[in-house]
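Written out below as C-alpha cells is the structure these notes cover.
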Amino acid sequence: MQIKAPRGTYDILPPDTGRWHYVEKILRETAEIFGYQEVRTPIFEHTELFERGVGTSTDIVTKEMYTFKDKSSRSLTLRPENTASCARALIEHSIYSGILPAKWYYIGPMFRYDRPQTGRYRQFHQFGVEAFGSNNPYLDAEVIILLVEVLKRLGLNDYELHINSVGCPQCRELYRQKLIAYITPVKDKLCSDCQTRYEQNPLRVLDCKEDTCHRAIAGYPTLLEHLCHDCARHYAAVKEALKASHIDFQHDDNLVRGLDYYTNTAFEIHIPGIGAQSAVGGGGRYNGLVAECGGPDLPGIGFAMGIERLLLAVDTVAGREINAGNTDVFISIMNDAYEPQALELLTRLRLAGIRAEKDYMGRSGRAQMKYADKLGARLAIIIGEEEIAQGFYTLRDMQSKEQVQISDQDIINSVKHRLAIA
RNA sequence: GUGGGUGUAGCUCAGUCGGCUAGAGCACCAGAUUGUGGCUCUGGGGGCCGUGGGUUCAAGUCCCAUCACCCACCCCA
C-alpha cells in the first residue's frame with residue numbers, strides 16, 4: 001500500500017510554493033510596517049499550557065488536540081494555536097518588564113484534529129499578531145486596521161468585518177445570569193446542540209444557525225446593553241477609532257468567540273464565496289490570559305489568520321496569478337562536447353547574480369530551446385561549433401528572436417544590461 | 001463526531017446491460033526541423049481501475065468492508 005500524506009495534511013510543491021512566498025512576504029512586510037516583530041515558539045508545548053490558556057471547555061481542548069506522551073511520559077501537544085505559546089514565552093523571558101507594549105507576529109503551522117473540509121486542515125498555517133501590555137482601545141483598533149490592510153494588499157477588498165464586545169469577567173457573568181434566566185423557560189424549544197450549549201456555554205446559543213432557536217430566543221438581552229461602564233467606554237472608543245480610519249465594520253450581537261481567554265473586543269473577518277469556512281481571520285482582546293498562564297496581570301490583544309483560506313480567497317475571489325519564470329538565461333549547446341564551457345559560463349552568470357540554467361537531460365539543440373521556453377528564459381546563449389571556433393557566444397532574445405555575437409569578456413555585462421532593460 | 005457524494009494514466013475525465021488487448025484531452029518524451037523555442041502534425045512511454053474480501057464462467061462495472069478526498073453539519077483560521 002502506497003504511503004500517502006496523513007489525513008488533513010498535504011504537500012506544498014512548486015510552483016505553489018511561489019504563491020506561499022508571495023503571501024508570506026505581504027504578511028511579514030505589513031506586520032513590520034505596523035511595528036510588530038517576529039517570534040518563533042516551539043511547535044509543541046506542555047499540554048497544560050493549552051488547557052489553561054485556551055480553556056478546558058473549548059472544542060479545541062476537548063476534542064481537537066494532537067496530544068502525545070514523550071519517552072519520559074511528559075504530556076505534550078502539537079500547538080492548536082499560538083497565542084498561549086506567546087503568553088508563555090512572554091512570561092518565561094520576563095518580556096513584560098521591558099518596553100511595552102510588546103508587539104509580536106508569528107507565522108507557521110498549527111494542528112487540530114478536525115474533520116477536513118474546504119479551507120480546513122489538520123495541519124494548517126496561521127499568521128497572527130499579539131500586542132501585550134496595554135489596554136488602550138486604540139491598540140485594538142490598530143490590530144484590526146492591520147488585519148484589514150493585509151486583505152487589501154492581497155487584493156481582497158470584499159470582506160465583512162464583524163465586531164462585538166464580550167465585556168470583562170464581571171459584566172459578562174452578570175449578563176450570563178440574565179441570559180440563562182431568559183432562555184430557561186424556552187429551553188425545550190431549542191435544538192439538541194443548543195441544549196448542550198445551554199449547559200456549557202449559554203452565550204453560544206446566540207450564534208446558532210437554526211431558525212427555531214432564533215425564534216425561541218427572539219428579543220433576548222444583548223451583551224452590548226449589559227456592558228459595565230468601563231467596558232462600554234472601551235468598546236465605543238474602538239468603534240470610533242475604526243470609523244475615523246474609514247474601516248467598514250458591523251456590530252454583531254451574536255459574535256461570541258469560542259476561546260475562554262477573550263475579554264472586551266472580539267472580531268472576525270469573513271470573505272464571502274470561499275465556502276463554508278469563510279472566516280479568514282479572527283481575534284480579540286484577552287486581558288486575563290497572561291495571568292491565567294501564571295504571569296502578571298497583563299492585558300493583550302491579537303488576531304490570527306488562516307493562510308490556506310487567504311490563498312483560497314486570492315485564487316477564487318481576487319483572481320490573482322503569481323508565476324514568475326524559473327530562470328532568466330538559458331545556455332544551449334549544440335554538441336555535448338561543449339558541456340565544460342557551458343557549465344563554466346553558467347556558474348559565472350550565477351555568481352554574478354543572474355538566474356541561469358542549462359540542460360542536464362542530453363536534449364537535442366532544438367529540445368533545449370523548447371526547454372528554455374518552458375522555463376521562461378528571456379535570453380538564450382547558444383554555443384556551437386562556429387562559436388567555439390571563432391571565440392564568441394550567440395545571445396538570443398527569446399521574445400524578439402534577435403541574435404547578436406558577444407565576446408567572452410562582455411557576456412556577463414551584456415546579459416545584465418539586457419535583463420535590466422527588458 | 002454526524003449526514004451525503006466521489007475514487008479509472010502525472011492532471012481533468014469517458015468507459016453502455018458484467019463480456020475481446022481499459023480509452024480521450026492535457027502534460028511529459030521523441031521525430032517532422034541533424035545550429036534555434038511558442039503554432040501544427042506524427043509517434044512513444046506511462047494503469048495493482050484507491051485497498052481488501054465476496055458474487056459470477058467472467059468484475060473498472062454488482063455486493064460488503066475499509067481508506068482517502070469532496071460537500072455540508074459542528075467548530076474555527
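These numbers were taken from a predicted model, which means no experiment stands behind them. By convention in this document, chain letters (A, B, ...) are assigned in the order of the sequence lines, proteins followed by strands, and residues within each chain are numbered from 1.
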Short side-chain donor-acceptor distance under 3.5 Å, Tyr262(A) and Asn164(A): no

Residue matched to rG47(B) through Watson-Crick or wobble contacts both under 3.5 angstrom: none

Between Asp253(A) and His251(A): side-chain donor-acceptor atoms closer than 3.5 Å: yes

Euclidean distance for C1', rC29(B) against rA65(B) (whole angstrom): 41 Å

Nucleotide-resolved protein contact map, nucleotides 32-39 of chain B, B/S/- at heavy-atom distance under 4.0 Å: BB-BBBB-

Base-pairing mate for rU6(B) - Watson-Crick or G-U, with both contacts under 3.5 Å: rA68(B)

Sugar-phosphate, base or nothing in reach of Gln117(A), heavy atoms under 4.0 Å: base

Sugar-phosphate, base or nothing in reach of Tyr338(A), heavy atoms under 4.0 Å: nothing

Whole-angstrom distance between rG25(B) and rA14(B), as gauged at atom C1': 10 Å

Sugar-phosphate only, base, or nothing, as touched by Gly362(A) at under 4.0 Å among non-hydrogen atoms: nothing

Whole-Å C1' distance, rC17(B) and rU42(B): 38 Å

Gap in Å between the two P atoms, one belonging to rU55(B) and one to rA59(B), rounded: 12 Å

Sugar-phosphate, base or nothing in reach of Glu81(A), heavy atoms under 4.0 Å: nothing

Shortest side-chain distance from Arg7(A), nucleotide among rA30(B), rU2(B), rC69(B): rC69(B)

G-U wobble or Watson-Crick pairing nucleotide for rA30(B) (cut-off 3.5 Å, both distances): rU42(B)

Distance below 4.0 Å between Arg120(A) side-chain N/O and rA77(B) OP1 or OP2: no

Short side-chain N/O contact to rC74(B) OP1/OP2 from Arg115(A), under 4.0 Å: no

rC64(B) and rC73(B), which share atom name P, separated by this distance in whole Å: 28 Å

Rounded distance (Å) that lies between atom C1' of rC75(B) and atom OH of Tyr262(A): 14 Å

G-U wobble or Watson-Crick pairing nucleotide for rG25(B) (cut-off 3.5 Å, both distances): rC11(B)

Heavy-atom pair of closest approach, residues Thr83(A) and Glu130(A): OG1-OE2, 2.7 Å

Salt-bridge criterion met for Arg19(A) and Glu24(A) (N-O under 4.0 Å): no

Side-chain (Arg350(A)) to main-chain (Arg355(A)) donor-acceptor, under 3.5 angstrom: no

Between rC69(B) (C1') and Asp11(A) (CG): distance, integer Å: 15 Å

Rounded distance in Å between the P positions of rG10(B) and rG50(B): 13 Å

Thr56(A) versus Glu51(A), side-chain donor and acceptor atoms under 3.5 Å: no

5' priority, RNA chain B, between Glu308(A) and Arg363(A) [closest heavy atom]: Arg363(A)

Rounded distance (Å) that lies between atom C1' of rA77(B) and atom CD1 of Ile307(A): 10 Å

Taking every non-hydrogen atom, the tightest pair across Arg378(A) and Leu419(A): NH2-O, 2.9 Å

Which nucleotide in rC70(B), rG31(B), rC73(B) has an atom nearest any side-chain atom of Ser364(A): rG31(B)

Assigned partner base of rG1(B), Watson-Crick or wobble definition, under 3.5 Å: rC73(B)

Salt bridge Glu48(A)-Arg52(A), side-chain N to carboxylate O under 4.0 Å: yes

Met361(A) CE - rG45(B) C1' separation (whole Å): 13 Å

Spacing between Asn82(A) atom CG and rC76(B) atom C1', to the nearest angstrom: 16 Å

Sugar-phosphate, base or nothing in reach of Gly119(A), heavy atoms under 4.0 Å: base

rC76(B) versus rC49(B) - spacing of their P atoms, nearest Å: 43 Å

Touch class at under 4.0 angstrom, heavy-atom based, for Ala304(A) against every strand present: sugar-phosphate

Cation over ring face, Arg363(A) and Tyr371(A), 6.0 Å, 45°: yes

Sidechain N-carboxylate O distance under 4.0 Å for Glu38(A), Arg40(A): yes

Phe111(A) CZ to rA77(B) C1', straight-line distance once rounded to whole Å: 14 Å

Value in whole Å for how far the P atom of rG1(B) lies from CZ of Arg112(A): 18 Å

Protein-nucleotide distance (Leu147(A), atom CG; rA77(B), atom C1'), rounded to Å: 11 Å

C1' gap between rU16(B) and rA9(B), integer Å: 22 Å

Upstream residue (5' side of RNA chain B) when Val280(A) and Tyr113(A) are each assigned their closest nucleotide: Tyr113(A)

